[in-house]
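Predicted model only: the values in this text are computed from it and were never measured. Lettering of chains follows the sequences in order, A, B, ..., and the numbering in each one begins at 1.
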Amino acid sequence: MPLYLYNTLSRQKQAFTPRHPPHVAMYVCGPNLYGPAHIGHALSYIIFDTLKRYLKFRGYDVKHVQNFTDIEDRIIATAREQNTTIEALAEKYIARFLNEMDALNIQRADVYPRATEAISTIIQMTQGLIEKGAAYEIEGDVYFRVRADADYGKLTHRSLDEMEAGARIAVDERKHDPMDFALWKASKAGEPAWASPWGPGRPGWHIECSAMNLEQHGEQIDLHGGGFDVMFPHHENEIAQSESYTGKEFSRYWMHNALLHLPGEEKMTRHLGGLVYIPDALARYSSDAIRAFILGTHYRSPLSWTDEGVTAAERGLERLRAARQDAVAPALTDATPTALTQAAWETRQKFITLMDDDLNTAGALGVLYDLAREINRARGQGASAQDLAPAQATLVELTGVLGLTLKEPERAVSAADAASINALVAERDALRAAKKYADADQVRAQLSEMGVEIADSPQGTTWKKTR
RNA sequence: GGCGACGUGGCCAAGUGGCUAAGGCAAGGCUCUGCAAAAGCCUGAUCGUGGGUUCAAUUCCCACCGUCGCCUCCA
């Protein structure tokens with residue numbers, strides 16, 4: 001069974017067949033660097049990270065390119081407000097962005113091209129489009145001529161006439177058609193500028209992605225992703241530019257994730273406010289919990305960010321973590337598979353079937369919970385570490401495809417704190433041995449107040465910091 | 001106005017034209033435990049409303065109600 005992905009172009013799930021298997025050329029729209037990313041960005045990048053991990057799991061060799069848009073009106077405006085340069089602003093937010101992505105266990109892209117490093121290709125494409133009659137210059141600006149593109153609107157399934165009927169923006173009267181968009185903008189005094197055949201200027205918003213794709217992947221790519229909100233006009237315009245320039249199909253598949261919002265509010269986006277920043281989310285929840293929460297809903301369904309929801313995900317993860325506790329490497333034997341090993345095998349099949357169906361991560365997570373229960377049950381019934389090992393290996397592998405680490409959230413404990421906690425735990429153990437349970441319980445309460453949770457077992461008492 | 005999506009147990013959320021409608025959280029009972037914690041077991045849904053198609057619909061079609069997205073910047 002092949003992997004099926006929903007392709008925005010066809011509005012259908014389609015079998016995924018890259019141009020040159022096993023190679024997959026994948027491009028995901030990166031952030032505009034005028035400010036920090038928020039958890040809505042995290043959602044999008046977690047989803048495409050999961051897609052990439054799954055493609056690799058399925059044997060594909062993925063080249064993942066993600067751009068940084070480091071020249072754009074808002075960046076110029078923000079740099080001016082903050083009395084800094086666009087370069088400094090970009091550096092600051094790139095560093096922060098990469099740190100945050102790492103913290104969310106999002107694998108890095110293979111290449112992070114920047115718009116300002118693609119200027120020569122942007123100029124070359126713009127020039128080429130003018131020569132083909134697909135673009136025209138007016139007073140140092142260059143516009144793409146949408147009426148020259150016969151299938152303009154094919155991604156969002158709208159005709160130019162429909163779009164113009166619903167237009168809500170003031171139109172620049174110099175343009176030949178209201179929907180024509182800028183490939184190149186003449187710069188005003190004091191704005192960053194690059195030399196071009198049309199005078200000093202800078203790229204329009206959409207052309208940089210077309211140029212970076214051309215530079216990094218070539219004329220045609222397999223998969224292009226981003227949020228629903230960049231479908232129009234950004235992706236529509238990218239297609240128009242790239243295909244008009246090369247005369248070839250640009251991307252075979254277009255994928256768009258639905259957007260995150262706060263309860264009762266509109267989507268989370270920087271120009272509306274209502275943002276939750278990634279460090280704030282990570283201060284409250286493990287990256288696993290954030291991922292599990294996000295992947296608990298299909299990527300094409302909008303999701304509301306709630307404390308209850310992420311907390312529920314965090315609780316649920318505890319069972320998954322318990323299942324992989326003390327895992328050992330499975331021995332290579334040809335012994336008859338146990339019922340548990342059999343269950344692990346079936347989980348793997350179900351996982352693949354679910355993920356093959358347009359990344360049904362919620363369903364996939366469900367079967368992983370089933371497997372975790374099987375493991376925990378077997379352990380409770382006295383299975384040995386070696387008995388559990390194959391199923392645990394499957395659990396770790398498949399949760400890993402979803403980008404979950406199943407590691408206990410690390411909470412810093414100083415050496416001094418650890419020493420005093422150990423002393424209290426030892427004191428309590430002594431009291432228990434002496435059957436002075438009331439006193440032992442008092443010590444436990446004391447530890448609890450310190451944020452230390454303890455667990456007794458035949459092997460002794462263990463503790464962990466829970467806050 | 002145009003295009004599109006969604007409405008499943010207290011909350012979140014998969015899914016299917018007919019077989020027990022996944023899973024997570026919460027709640028109650030139980031096992032284990034000195035007591036807990038963790039883990040495990042048990043307990044709950046006529047799938048927004050009204051029509052239609054069909055031997056059979058939560059699943060397909062239509063209408064309605066409600067929520068949301070895109071049509072401007074946005075992951």
Side-chain angles (χ1 to χ4, degrees), chain A residues 8 11 28-32 34 37-48 66 72-74 153 156-159 161-170 179 205 225-234 236 256-261 264-272 292-293 296-298 300-304 306 308-323 325 350 354 357 360-370 372-381 432 435-438 440-441 444-445 448 453-458 461-464 466:
Chain A
T8 306
R11 288 182 173 173
V28 179
C29 276
N32 182 323
Y34 69 84
H38 52 75
I39 49 171
H41 294 96
L43 174 138
S44 186
Y45 299 126
I46 283 170
I47 284 162
F48 286 104
Q66 184 171 309
E72 194 269 341
D73 291 0
R74 286 199 181 225
T156 42
H157 308 277
R158 281 185 278 248
S159 72
D161 297 327
E162 284 169 357
M163 288 189 253
E164 289 173 12
R168 303 183 308 205
I169 46 165
M179 296 307 292
W205 174 38
F228 258 92
D229 52 349
V230 290
M231 219 160 89
F232 191 92
H234 185 59
E236 192 74 76
H256 296 93
N257 62 274
L259 304 180
L260 188 71
H261 56 96
E265 292 191 35
E266 294 176 81
K267 65 183 177 176
M268 185 176 296
T269 189
R270 292 190 281 202
H271 72 280
L272 290 178
F293 172 68
T297 297
H298 188 82
R300 285 189 285 113
S301 296
L303 177 62
S304 185
T306 61
E308 299 74 36
V310 196
T311 301
E314 188 83 84
R315 293 270 163 71
L317 273 167
E318 285 167 17
R319 276 181 44 235
L320 253 33
R321 289 178 186 135
Q325 275 272 307
K350 287 182 196 160
L354 289 158
D357 183 15
N360 185 351
T361 53
L365 214 41
V367 301
L368 295 180
Y369 276 106
D370 288 336
R373 187 187 308 112
E374 297 289 337
I375 294 170
N376 287 332
R377 182 193 295 153
R379 193 202 310 270
Q381 291 171 349
R432 289 174 66 224
K435 299 200 187 300
K436 292 181 178 169
Y437 293 122
D441 289 350
R444 180 167 61 198
S448 177
E453 188 176 281
I454 58 173
D456 300 321
S457 81
T461 301
T462 57
W463 61 267
K464 66 178 177 186
T466 56

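- Note on Gly309(A): nothing from the nucleic acid sits closer than 4.0 angstrom, heavy atoms only.
- Across all strands, Phe48(A) comes closer than 4.0 Å to no nucleic acid atom at all (heavy-atom distances).
- A cation-pi arrangement is present between Arg158(A) and Phe232(A), with the terminal nitrogen or guanidinium carbon under 6.0 Å from the aromatic centre and inside a 45° cone about the axis.
- Here Ala440(A) pairs with Arg428(A), Leu431(A), Arg432(A) under the side-chain contact (heavy atoms from CB on, under 4.5 Å) rule; sequence neighbours left out.
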Fill in: Sequence-aligned protein contact record of nucleotides 14-26 of chain B, with B where the base is within under 4.0 Å of a protein heavy atom and S where only the sugar-phosphate is
SS------BSSSS

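- Contacts of Tyr437(A) with the nucleic acid, taken as non-hydrogen atoms under 4.0 Å apart, include base atoms.
- Judged by distance alone with a 3.5 Å cut-off, a donor-acceptor contact links the side chain of Arg444(A) to the base of C35(B).
- The partner of G34(B) cannot be assigned: no Watson-Crick or G-U wobble pair with both contacts below 3.5 Å exists in any strand.
- Shown here are the side-chain contact (heavy atoms from CB on, under 4.5 Å) partners of Ser304(A), two or more places apart in sequence or in another chain: His261(A), Pro263(A), Thr306(A).
- Contact annotation for Arg158(A): base contact, defined as any heavy-atom pair under 4.0 Å involving a base atom.
- The residue Lys435(A) sits apart from the nucleic acid: no heavy atom pair falls under 4.0 Å.
- Contact annotation: side chain of Arg379(A) to base of A39(B), donor-acceptor pair absent below 3.5 Å.
- U54(B) sits 23 Å from G48(B) when the C1' atoms are compared, rounded to a whole Å.
- The side chain of Ala455(A) has A37(B) as its nearest neighbour among A37(B), A75(B), C41(B).
- Residues that satisfy the side-chain contact (heavy atoms from CB on, under 4.5 Å) test with Ala362(A), not counting sequence neighbours, are Asn360(A).
- For the ring pair (Phe, Tyr, Trp, His ring centres under 6.0 Å) test, residues two or more places apart in sequence or in another chain that qualify with Tyr45(A) are Phe97(A).
- Evaluation of the side-chain contact (heavy atoms from CB on, under 4.5 Å) rule for Asp357(A) yields Lys13(A) as partners, not counting sequence neighbours.
- Among the atoms of the strands shown, none is found under 4.0 Å from any heavy atom of Leu368(A).
- C70(B) atom C1' lies 7 Å from atom CE of Met231(A), rounded to whole Å.
- Note on Arg11(A): only backbone sugar-phosphate atoms sit closer than 4.0 angstrom, heavy atoms only; bases stay farther off.
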